[in-house]
Q: 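Here's a structure for you.
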Protein chains: 2
Amino acid sequence: MDSGVKKPGVTSSEVARRAGVSQSAVSRTFTPGASISPKTRAKVMTAAKELGYRPNAIARSLITNRSRIIAVVMAYLENLFYPDVLEELGRLLAKENYRLLLFTGFMDRDSDPIFDQLMQYRVDGIVLASTSLSSDLSEECAAAGIPVVLFNRTTERDAVSSVTTRNREGGRRVAEFLVAGGHKKFGYISGLESSSTNRDRFAGYKEGLADAGHTEIMVEVANYDRAEAEEAARKMLSRPDRPDALFVANDHMAVAVMDVARHELGLSVPKDISIVGYDDVGAARWTSYGITSMSQPLKRMVEATVSILMDQISSGEIEAEHRILNGELVVRTSARLPKTGVVDVDGRRIFKPAKG
Amino acid sequence: MDSGVKKPGVTSSEVARRAGVSQSAVSRTFTPGASISPKTRAKVMTAAKELGYRPNAIARSLITNRSRIIAVVMAYLENLFYPDVLEELGRLLAKENYRLLLFTGFMDRDSDPIFDQLMQYRVDGIVLASTSLSSDLSEECAAAGIPVVLFNRTTERDAVSSVTTRNREGGRRVAEFLVAGGHKKFGYISGLESSSTNRDRFAGYKEGLADAGHTEIMVEVANYDRAEAEEAARKMLSRPDRPDALFVANDHMAVAVMDVARHELGLSVPKDISIVGYDDVGAARWTSYGITSMSQPLKRMVEATVSILMDQISSGEIEAEHRILNGELVVRTSARLPKTGVVDVDGRRIFKPAKG
DNA sequence: CGCCATATTGCATACGAATGCAAAACTGTT
DNA sequence: AACAGTTTTGCATTCGTATGCAATATGGCG
């Protein structure tokens, strides 16, 4: 069966010689849909197996001008939302027979090296899932004619595709929920202020509160970072006039905030303060936290991302497409319950305010 | 400066024509250490910038027979240890001018497709950081002449390199700690039984307990999975003769166990039960959990991994190398403290039993 | 200024697979 | 059996870059 040691450098020509056919025949054997008779194919397959041959993807890329590689740029894996995304992306891309080239780590304004790499490897597509990324990069890539999808973020000029959820509506929903819970003083712990996601969530929150007549919001900025979130929580929650309702821009920070509230400041959640997060991810779901959170439909987001990429790659058309999905406010224990509006939907508790 | 739109297909020949030199000159300009005069280099650089040229890594790979790509195989990103590893790996590899091709998701016995991909892309090296991976894959890769490093795991036949920590000693240390804390009944929540890491930790634990005269250990298997860990905890901790000291094979599970113990079973940690984990990672450090845990020196582990790979790649020698690093028992609040042996080392509390 | 040693340069070819094209091998029909 | 129509095959070329080798330019020194 398997011949044990495999020499690394088996080429199609060697297989061809062994099978007594031309190199073209070998190539066609491994090219789906190519014109090849079953008989030759069988001969080639046998020879290939004996030699342990696998087509060289590099050489193939050179001539087809397709690398079958998708680059994924992701800055901050500490927030479990992103590893989850990564795993799902990997799965779907593999299904489409694409590989995933990962770029991670800090890439401040000096994003050019990354751009260089992307270009050098002639990746077929790019997923930018890094909220803290200069928006230049995306435009540069798009300008270079490579399909790009912004994941969980957009830019003003919508020249490049994106997949997001209705962050503005999400923020508003959170506001409605907290207002319905009878809270009086509202706070917000902000993510990166330059990120569209954060801006939208905050805008919606503000609108929702304003609609209910609340115009004052206590704000601290924590840039999606755990340590900064702790600091922000300390600052905001140790004030005598601290809020009794706090919206934190994502669950990753919300968890940190909750730790500080409970264990450093001795506050009871949700008795002394209600906390609502965003993403519905990771620790937020654990019983220790049970964070009430706007969900983002991760799987569908990734699905949309891959589908946009595949469309653009196969069509060659790079027309910006924006998929905007819906989330739900998943109700757990970190926030006081409103009298009405909380319903059970297949085992989960959701906040659905009555319309009008 | 930058010319706006960049055509994707700028080749070295085009640059050469524009600069009035040969294609070789262009190539040499972008090959560090190649023989090229400053004058020509300058001309080439100018032309290259004007055209937005970047060397085609694919074509380069074809001829140099080096892809400058390292494949990383990682099954389970939910355990934050691995995203952390991934991020650090990405950073170090980038520093060495290597790219990271990520393979993720379940890959049971049918690991061949992955192997195929690895071979097809002619990756220069492989990191296997998946505890749940058939050990065949590693040997196959090694047999194919590609440097492989097993991360946080080994195989019996040590034909392939590995980076681990002293899991056996770690398990033993945990035992000593719990014994010193005066516990009487011991439990173990196991990871994947086929993983070397789990076997070693358990073996050390057993030895350490045996040395103190404790030979009975209650065991449940949870395969490093959060849900299974919860189930295991329910089972073990609801028994009337439940242990008062519990070693959980990693922090990812320990956190789950703690949630169940506290919130489902109403146990107080560490009053009713002491819990010790492994990895010193993620939620284990948060105040809500404060899990006492054997640390794994992630950065140094990744460093060692990259260094082994680089050595083997540059030397062409693939001699298996095993780097085994030390961890420490980081003391927090999830386990009863022993009377002696806990010391403060730059801000952290460590358990260091007196020798002899 | 002439000569030799050294530094640069260009030419030609190689890497491994895909593919247009024409030749060759089949197929079925009369 | 001869023919047209259809598959299948092999040839030759191509992708974009690196590199050995020979040719050329440069520099130093007497």
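Throughout, protein chains are lettered first and strands after them, A, B, ... in sequence-line order, and every chain is numbered starting at 1. Predicted model only: the values in this text are computed from it and were never measured.
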Q: Which one, C:dT9, D:dT8, C:dG16, comes nearest to the side chain of A:Pro38?
A: D:dT8
Q: What's the NZ-C1' distance between B:Lys39 and D:dA25, to the nearest Å?
A: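 That distance rounds to 10 Å.
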Q: For a 4.5 angstrom cut-off between non-hydrogen side-chain atoms, does A:Leu101 reach B:Leu100?
A: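 No. Closest side-chain heavy atoms not under 4.5 Å.
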Q: Counting side-chain heavy atoms from C-beta on, which of D:dT19, D:dG10, C:dG10 comes nearest to B:Ala25?
A: C:dG10
Q: Let me know, please, whether B:Arg28 or B:Tyr53 comes out on the 5' side of the other along DNA chain D by nearest nucleotide.
A: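 In this pair, the answer is B:Tyr53.
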Q: How about A:Leu92 and A:Tyr98: do any of their side-chain heavy atoms sit closer than 4.5 Å?
A: no
Q: I want to check one thing: is the phosphate of D:dG16, taken as OP1 and OP2, less than 4.0 Å away from some side-chain N or O of A:Tyr121?
A: no
Q: On the nucleotide D:dT8, are OP1 or OP2 found under 4.0 Å from the side-chain N or O atoms that A:Ser37 carries?
A: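 Indeed not, no polar side-chain atom of A:Ser37 lies that close.
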Q: Classify the nucleic acid contact of B:Ser35 as base, sugar-phosphate or nothing, counting any heavy atom under 4.0 Å across all strands shown.
A: base
Q: Does A:Val15 reach the side chain of A:Val10, with side-chain heavy atoms less than 4.5 Å apart?
A: yes
Q: A:Ile63 has an atom CD1; how far is it from atom P of D:dA12, in whole Å?
A: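 Checked: the CD1 to P distance equals 16 Å.
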Q: State which of C:dC15, C:dT9, D:dT19 makes the closest approach to the side chain of B:Ser27.
A: D:dT19
Q: Could you state the atom-to-atom distance from CG of A:Asn65 to C1' of C:dT19 in whole Å?
A: 14 Å
Q: Just by distance, no angles: are the side chains of B:Tyr76 and B:Thr104 close enough, under 3.5 Å, to form a donor-acceptor pair?
A: no
Q: Does C:dG16 have its OP1 or OP2 closer than 4.0 Å to a side-chain nitrogen or oxygen of A:Thr11?
A: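 So the side-chain polar atoms of A:Thr11 never come under 4.0 Å of the phosphate oxygens OP1 or OP2 of C:dG16.
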Q: Are A:Ser12 and C:dA18 close enough that a side-chain N or O sits under 4.0 Å from OP1 or OP2?
A: no
Q: Could you tell me whether the side chains of A:Ser37 and A:Thr40 share a donor-acceptor contact shorter than 3.5 Å?
A: yes
Q: Which part of the nucleic acid does B:Ser61 contact within heavy-atom distance under 4.0 Å: base, sugar-phosphate only, or nothing?
A: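 Nothing, no heavy atom under 4.0 Å.
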Q: Rounding to an integer number of Å, can you tell me how far B:Gln23 CD sits from C:dT13 P?
A: 14 Å
Q: Starting at atom CZ of B:Arg60, determine the distance to atom C1' of C:dA14, rounded to an integer number of angstrom.
A: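 Spelled out: CZ on B:Arg60 to C1' on C:dA14 is 16 Å.
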Q: Using whole Å, what does the distance between atom C1' of nucleotide C:dC15 and atom CD of A:Glu14 come to?
A: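 Atom-to-atom, A:Glu14 to C:dC15, this comes out as 13 Å.
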Q: Could you tell me the separation between the CZ atom of A:Arg122 and the C1' atom of D:dC15, rounded to a whole number of Å?
A: 11 Å
Q: Which nucleotide wins on minimum distance to the side chain of B:Asn56, given the candidates C:dT8, D:dG16, C:dC11?
A: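 Given the options C:dT8, D:dG16, C:dC11, the side chain of B:Asn56 is closest to D:dG16.
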Q: When the distance from CD1 of A:Ile58 to P of C:dA17 is rounded to whole Å, what number comes out?
A: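 Whole-Å distance recorded here is 11 Å.
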Q: Once you apply a heavy-atom cut-off of 4.0 Å, does B:Ser24 come out as touching a base, just sugar-phosphate, or nothing?
A: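 Answer is base: heavy atoms of B:Ser24 come under 4.0 Å of a base.
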Q: What's B:Val26 touching, base or sugar-phosphate or nothing? Going by heavy atoms closer than 4.0 Å.
A: nothing
Q: Report yes if at least one side-chain N or O of A:Ser22 is closer than 4.0 Å to OP1 or OP2 of D:dG10; otherwise report no.
A: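 So the side-chain polar atoms of A:Ser22 do come within 4.0 Å of the phosphate oxygens OP1 or OP2 of D:dG10, strictly under.
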Q: Taking side chain as C-beta onward, heavy atoms only, is B:Leu298 less than 4.5 Å from B:Phe81?
A: yes
Q: Assign each of B:Thr40 and B:Ala59 to its nearest nucleotide of DNA chain C by heavy atoms, then name whichever residue's nucleotide is nearer the 5' end.
A: B:Thr40
